[in-house]
Q: 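Below you will find the structure I want to go over with you.
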2 protein chains.
Amino acid sequence: MSNRMRSVAPQAHLAAPSPGETPTARLAAPLASRPLYLQARDLLLRRIVDGTWKPGGYLPSEPQLAFDLGVSIGTIRKAMEDLVGQGLLERQHGRGTQVVPHSSDRSRFRFLRFVHGDGRPFRPVAHVLAAATARADAQDRAALGLGAGAKVLVLLRTRSEDGVPLIYERIALPADPFAALKAEPGAEMLEEIYVLYQARCGQTVARARDTIATDRASSAMAGALCCPPGAPLLLVRRVAVALTGDPIEYRQSWTAALEYRSDLD
Amino acid sequence: MSNRMRSVAPQAHLAAPSPGETPTARLAAPLASRPLYLQARDLLLRRIVDGTWKPGGYLPSEPQLAFDLGVSIGTIRKAMEDLVGQGLLERQHGRGTQVVPHSSDRSRFRFLRFVHGDGRPFRPVAHVLAAATARADAQDRAALGLGAGAKVLVLLRTRSEDGVPLIYERIALPADPFAALKAEPGAEMLEEIYVLYQARCGQTVARARDTIATDRASSAMAGALCCPPGAPLLLVRRVAVALTGDPIEYRQSWTAALEYRSDLD
DNA sequence: AAGTGGTCTAGACCACTAT
DNA sequence: TAGTGGTCTAGACCACTTC
């Protein structure tokens, strides 16, 4: 007997929103003992990943989803709360539940960011220096989990404030899903590049890991950042992974003047 | 009318665990419209802060707390889930709910940590070089929110692996609650100092903010870390705050060989 | 066997947003 | 006014831990 065979048959849903409508999905067979709210969460996640509900779009209402999946509203709510906690969904009282889009205002990565030495926030503008496809180097391959001869799209850019370049950045992306980005009009100045990944390449960044170290300025960095070659720099390396768990971005950011800060836990 | 006046009187609790016992607390007056689960959460937090339930100790059971506060079990669960999410409580199926103690195995700060350049975890041993009370400098005062003539307890220590010192550290603590730490036996080698704050000074670290920058080695650092004076170092500054929200630790960590890493979001 | 937390349901009522 | 999510309750049953 499954944990879902109860005194009240779960099929007896009286709240069918449109008469004659039929449920569009059912959760696992009675034998599967994985909690229903986890199954529901994964199903919602799958539909976000496969684009059934697009970033910025709204999910069906709680009663509708509960009917579709054949579970109670409370179970749907628990599944949603999990995804809200991951920053994938956003609920708005009286309006509905939305798939969070990446945007410059509301980035999913507020917990680690560059700041000025006095704590002022850093409000940069990006400028792409070069965009080219190349063979992935050893670091790229390790970070992105690629094979020997794999190709990557490499972006070199600076990020400036008031016209002063403060960050020199190299971004490596797997050539396959990101080829469309190479000649993307308007991309050269776009600060929030994750919006582009999502809109043009269908890749949504879910999480990222940052590793911070010191490095010394190469001649290219020295030229871009107006510092002497060999000057000590802060180097932030980021590996960003998609909703599927695959790494999709390897980014290196060098800076001489800025600091890097975690939000208060 | 409050949001708690319903068709079923909330007082009608039949699950009184000990006959004749009386509730020990009641939530806000009917006029207060703040959600009950938030009131419950704050009350639980207050009892953790004031030591009613000590780190490592167990809370009363859900039915007991629900009876005490005059709310349903679901409301208690929601309040607890919030505190679990903050890392303050830990629930164990069949056993109970525990106030999380700081420990070297299970630190509340797993999200940012030192690692070796190749990604290996850093497993240090601490060695205190000096512990003395001093007048707080400008940085200490700013970080800890102290007044002009305030005193701080300053600890200088190294953190080594296999006998090799890799981090040079200065920790400033408000002299008032931390005076007991000065002559603490055994503290000299203790790596996880937050355990001491909690056990000896009644101060539980709740959250921390890290700011990462580059710096150059002073002669003291050069001596301790076996690097030339002026060598570029990674500097991590941390401000840790207590459950009350007051800053209680200002820590500066310098390293030449290590990197600093965030967990995968 | 008793007690604990974990899952799931059903339904009441409230508060916010749209129209 | 209708529809949405937010809060709160009550109770069933399950799974784990302890005795």
Side-chain angles (χ1 to χ4, degrees), chain A residues 1-18 27-28 30-41 44 57-67 69-84 89-98, chain B residues 1-18 27-28 30-41 44 57-67 69-84 89-98:
Chain A
M1 278 301 137
S2 139
N3 61 343
R4 291 185 293 111
M5 298 303 284
R6 307 183 177 292
S7 51
V8 177
Q11 283 75 14
H13 290 282
L14 305 176
S18 324
L27 297 185
L31 284 175
S33 63
R34 205 163 120 79
L36 284 177
Y37 76 92
L38 290 179
Q39 298 181 43
R41 183 198 63 180
L44 297 180
Y58 284 87
L59 270 61
S61 70
E62 294 176 349
Q64 177 69 57
L65 282 171
F67 173 76
L69 305 194
V71 298
S72 75
I73 291 183
T75 301
I76 292 291
R77 287 185 66 85
K78 195 161 183 193
M80 283 181 162
E81 272 157 22
D82 196 331
L83 296 174
V84 169
L89 295 180
E90 206 169 53
R91 322 193 68 179
Q92 295 161 74
H93 195 170
R95 187 197 300 252
T97 302
Q98 195 181 24
Chain B
M1 277 301 139
S2 143
N3 62 344
R4 290 185 294 110
M5 299 302 286
R6 309 185 176 291
S7 52
V8 176
Q11 283 75 13
H13 290 281
L14 306 176
S18 324
L27 297 186
L31 284 176
S33 63
R34 206 162 119 80
L36 284 177
Y37 76 91
L38 289 179
Q39 298 180 44
R41 184 198 63 181
L44 296 181
Y58 284 86
L59 271 62
S61 71
E62 294 176 349
Q64 178 68 59
L65 282 171
F67 174 78
L69 306 193
V71 298
S72 76
I73 290 183
T75 301
I76 291 291
R77 287 185 66 85
K78 196 161 183 194
M80 283 182 163
E81 272 157 23
D82 196 332
L83 296 174
V84 169
L89 294 180
E90 207 170 53
R91 323 192 67 178
Q92 295 161 74
H93 195 171
R95 187 196 300 254
T97 301
Q98 195 180 22

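As the structure is a computational prediction, the values presented were derived from the model and not from experiment. Proteins get letters first, then strands, A, B, ... in listed order; numbering begins at 1 in each.
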Q: Taking atom C1' of D:dT7 as reference, at what distance in whole Å does atom CE of A:Met80 sit?
A: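 Distance check: A:Met80 CE to D:dT7 C1' gives 17 Å.
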
Q: Can you see which heavy atom on A:Met80 is nearest to which on A:Leu59, and at what distance?
A: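 Minimum heavy-atom separation between A:Met80 and A:Leu59: CE-CD2, 3.9 Å.
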
Q: Of the nucleotides C:dG5, C:dC8, D:dG5, which one has an atom closest to the side chain of A:Tyr37?
A: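 In terms of side-chain proximity for A:Tyr37, the closest of C:dG5, C:dC8, D:dG5 is C:dC8.
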
Q: Does the structure show B:His93 stacking with C:dG6, if we require the centres to be closer than 5.5 Å and the planes to be within less than 30 degrees of parallel?
A: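 No.
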
Q: How long is the line joining CG of B:Leu65 and P of D:dT9, in whole Å?
A: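 Value for this atom pair: 14 Å.
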
Q: Can you measure B:Phe67 atom CZ to D:dA10 atom C1' for me and round it to whole angstrom units?
A: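 Rounded to the whole Å, the gap is 17 Å.
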
Q: Would you indicate which nucleotide in C:dC16, D:dT7, C:dG5 comes nearest to any side-chain atom of A:Arg77?
A: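 Nearest to the side-chain atoms of A:Arg77, counting from C-beta on, is D:dT7.
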
Q: From the set D:dC8, D:dT7, C:dT7, return the single nucleotide nearest to any side-chain atom of B:Lys78.
A: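 Nearest to the side-chain atoms of B:Lys78, counting from C-beta on, is D:dT7.
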
Q: Would one find a side-chain N or O of A:Arg91 under 4.0 angstrom from OP1 or OP2 of D:dT4?
A: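 Looking at the OP1 and OP2 atoms of D:dT4, neither is under 4.0 Å from any side-chain N or O of A:Arg91.
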
Q: How long is the gap from OG1 on A:Thr75 to CG on A:Leu69, to the nearest 0.5 Å?
A: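 Output value for this atom pair is 9.5 Å.
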
Q: If you find the nucleotide of DNA chain C closest to A:Arg95 and the one closest to B:Leu59, which residue's nucleotide is nearer the 5' end?
A: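 Whichever sits nearer the 5' end wins; that is B:Leu59.
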
Q: Would a distance-only check, ignoring hydrogens and angles, find a side-chain to backbone donor-acceptor pair under 3.5 Å from A:Gln39 to A:Arg34?
A: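 Pair found, side chain donor or acceptor close to backbone of A:Arg34.
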
Q: Could you give the CD-to-C1' distance, from B:Gln92 to C:dG3, as a whole number of Å?
A: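 Between C1' of C:dG3 and CD of B:Gln92: 15 Å.
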
Q: Is A:Ser72 near enough to C:dA10 that one of its side-chain N or O atoms lies under 4.0 angstrom from OP1 or OP2?
A: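 Checking C:dA10 against A:Ser72, no side-chain N or O comes under 4.0 Å of OP1 or OP2.
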
Q: Compare every heavy atom of B:Tyr37 with every heavy atom of B:Ala79, then report the nearest pair and how far apart it is.
A: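 Residues B:Ala79 and B:Tyr37, closest heavy atoms: CB-O, 3.4 Å.
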
Q: Taking atom P of C:dG6 as reference, at what distance in whole Å does atom CG of A:Asp82 sit?
A: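 In whole Å, C:dG6 P and A:Asp82 CG are 15 Å from each other.
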
Q: Could you tell me the separation between the CG atom of A:Leu36 and the P atom of C:dA10, rounded to a whole number of Å?
A: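 Nearest whole value for this atom pair: 12 Å.
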
Q: Phosphate oxygens OP1/OP2 of D:dT4: is one of them under 4.0 Å from a side-chain N or O of A:Thr97?
A: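 No, because none of the side-chain N or O atoms of A:Thr97 sits under 4.0 Å from OP1 or OP2 of D:dT4.
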
Q: Looking at D:dG5, D:dT9, C:dT7, which one has an atom nearest to any side-chain atom of A:Pro35?
A: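 For A:Pro35, the side-chain atoms sit closest to C:dT7.
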
Q: To the nearest Å, give me how far apart CD1 (B:Ile73) and C1' (D:dA12) are.
A: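 Distance, rounded to whole Å: 12 Å.
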
Q: I want to check one thing: is the phosphate of C:dT7, taken as OP1 and OP2, less than 4.0 Å away from some side-chain N or O of A:Thr75?
A: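 Negative; the distance criterion is not met.
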
Q: So how far is it from B:Glu90 CD to B:Arg95 CZ, rounded to the nearest 0.5 Å?
A: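 The CZ atom of B:Arg95 is 10.5 Å from CD of B:Glu90, to the nearest 0.5 Å.
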
Q: Between atom OH in B:Tyr58 and atom P in C:dG3, what is the gap in whole Å?
A: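 In whole Å, C:dG3 P and B:Tyr58 OH are 18 Å from each other.
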
